[in-house]
Amino acid sequence: MTTLKPCILKSLQEFDIKEDIPIVGRLQTARNKVPYSTEEEYYRRAVYVPYLDDFCNSLKERFESHKETVASLQHILPEFCTKTDFYSLEAALNFYEEYLSHKEVVQSEFMSWKEKWSQEKSENLPKTAISSLEKCDKTFFPNIYILLKLLAVVPVSVATVERSFSSLRRLKTYLRNTASESRLNGLALLSIHRDIKIRDEVLDKFASVPRNLDFVL
């Protein structure tokens, strides 16, 4: 495995891991029996390539179903609405139909929204959903405002939610089973956002014992 990257070889040496191939028999069914000529080729075919294939399929399943809706929804941005028509929003309108008014009302709003930005220079047009929301009057464009809010939250990652569950498993132990909800939420926030500098007052509030409390043993 001399062609492996130096960082991988260094990690293998640190953990005292040998570049051995699992024993492959003719009748076994629980292990990969891919053809190989070197150790590196075996692990590439048995581990690395299948992992990449599964990763790509997961991304496709996660985003492919929403691709058409997001592509349609972005036409509400001033940068695009001046160059397109109302029917480019059809996929987004059908998907978010329950949050919007009747289609004719949304169409009239879109035409007014388009006319508003057609009079502006291209360099002055908002480029993002957040900047467009700041320029959108909720009173005159209630449906446009809703669509912009939906567009703004679409790219939000779920990593924070997953980190919350991971932190909760570490915090909600058997010995802490009686912790109140507010205390548990506070400890979880401290654990999840550990990169944020915390003031002493916050630590005193969520600490198990106040600093100014004396014990008599």
Side-chain angles (χ1 to χ4, degrees), residues 5 7 48-168 181-182 185-186 188-199 202:
K5 292 184 177 180
C7 59
Y48 181 68
V49 174
Y51 169 77
L52 288 182
D53 185 58
D54 181 71
F55 182 77
C56 293
N57 287 334
S58 299
L59 288 178
K60 184 177 181 180
E61 293 175 1
R62 174 67 176 84
F63 297 106
E64 190 68 23
S65 59
H66 302 287
K67 181 178 179 180
E68 184 180 359
T69 302
V70 175
S72 172
L73 191 58
Q74 70 177 354
H75 288 98
I76 204 68
L77 295 175
E79 183 181 10
F80 299 105
C81 73
T82 57
K83 307 172 185 177
T84 186
D85 55 23
F86 176 72
Y87 297 101
S88 59
L89 291 169
E90 187 172 0
L93 296 178
N94 294 334
F95 189 83
Y96 297 112
E97 183 178 7
E98 59 180 307
Y99 303 104
L100 304 172
S101 302
H102 198 271
K103 186 171 291 188
E104 282 74 13
V105 177
V106 181
Q107 183 176 7
S108 63
E109 282 188 27
F110 177 80
M111 299 307 296
S112 300
W113 179 255
K114 180 178 180 178
E115 181 65 24
K116 167 184 172 65
W117 296 110
S118 297
Q119 302 174 6
E120 296 286 342
K121 297 181 179 179
S122 58
E123 58 269 18
N124 296 332
L125 298 178
K127 308 297 183 183
T128 65
I130 299 298
S131 58
S132 301
L133 268 173
E134 296 173 351
K135 301 292 183 179
C136 180
D137 192 328
K138 188 177 180 180
T139 304
F140 293 101
F141 304 104
N143 292 286
I144 301 297
Y145 190 83
I146 292 174
L147 291 174
L148 287 173
K149 284 203 301 183
L150 291 171
L151 180 60
V153 301
V154 163
V156 174
S157 171
V158 297
T160 302
V161 179
E162 295 175 355
R163 289 170 59 192
S164 300
F165 284 107
S166 300
S167 298
L168 190 60
E181 182 178 354
S182 60
N185 290 339
L189 289 174
L190 289 174
S191 176
I192 296 168
H193 303 287
R194 61 176 65 91
D195 54 324
I196 300 178
K197 188 176 181 180
I198 305 299
R199 300 193 306 271
V202 179

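Computed from a predicted model, the values in this text were never measured in an experiment.
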Output side-chain donor-acceptor pairs under 3.5 Å for residues 121-130, partner residues at least two apart or in another chain, one line each.
residue, atom, partner, partner atom, Å
Lys127, NZ, Ser122, O, 3.2
Thr128, OG1, Ser131, N, 3.2
Thr128, OG1, Ser131, OG, 2.8

Where do Ser132 and Leu77 come nearest, in terms of heavy atoms and distance?
OG-CD2, 3.6 Å

Could you walk me through whether Glu120 and Trp117 satisfy the side chain to side chain contact (heavy atoms under 4.5 Å, CB included) test, starting with their C-alpha distance in whole Å, then the side-chain angles of each, then the deciding distance to 0.1 Å, before giving a yes or no?
CA-CA 5 Å; Glu120 296 286 342; Trp117 296 110; 3.8 Å; yes

Could I get the full list of side chain to side chain contact (heavy atoms under 4.5 Å, CB included) partners for Tyr51, not counting sequence neighbours?
Phe55

Can you sort out the partners of Ser72 under side-chain hydrogen bond (donor to acceptor under 3.5 Å, both in side chains), two or more places apart, ordered by chain and number?
none

Can you sort out the partners of Phe86 under ring pair (Phe, Tyr, Trp, His ring centres under 6.0 Å), two or more places apart, ordered by chain and number?
Phe110

Quick one: side chain to side chain contact (heavy atoms under 4.5 Å, CB included) partners of Ile146, sequence neighbours excluded?
Tyr99, Leu100, Leu150

Which is it for Asn143 and Lys103 under the side chain to side chain contact (heavy atoms under 4.5 Å, CB included) test, yes or no, and what are the steps along the way?
CA-CA 10 Å; Asn143 292 286; Lys103 186 171 291 188; over 6 Å; no

Chi angles and distances behind the side chain to side chain contact (heavy atoms under 4.5 Å, CB included) call for Asp53, Cys56:
CA-CA 5 Å; Asp53 185 58; Cys56 293; 5.6 Å; no

Go through Phe140 and Ser112 one step at a time and tell me if the side chain to side chain contact (heavy atoms under 4.5 Å, CB included) criterion holds.
CA-CA 9 Å; Phe140 293 101; Ser112 300; over 6 Å; no

Those residues at least two apart in sequence (or on a different chain) that pass side-chain hydrogen bond (donor to acceptor under 3.5 Å, both in side chains) with Glu98 are none

Are Leu148 and Trp113 side-chain neighbours, meaning at least one heavy-atom pair lies under 4.5 Å?
yes

Note: Lys149 and Leu133 closest approach over all heavy atoms is CG-CD2, 3.8 Å

Decide yes or no for Met111 and Glu115: does some side-chain heavy atom of the first lie under 4.5 Å from some side-chain heavy atom of the second?
no

Looking only at non-hydrogen atoms, find the nearest pair between Phe80 and Gln74 and report the distance.
CD1-O, 3.3 Å

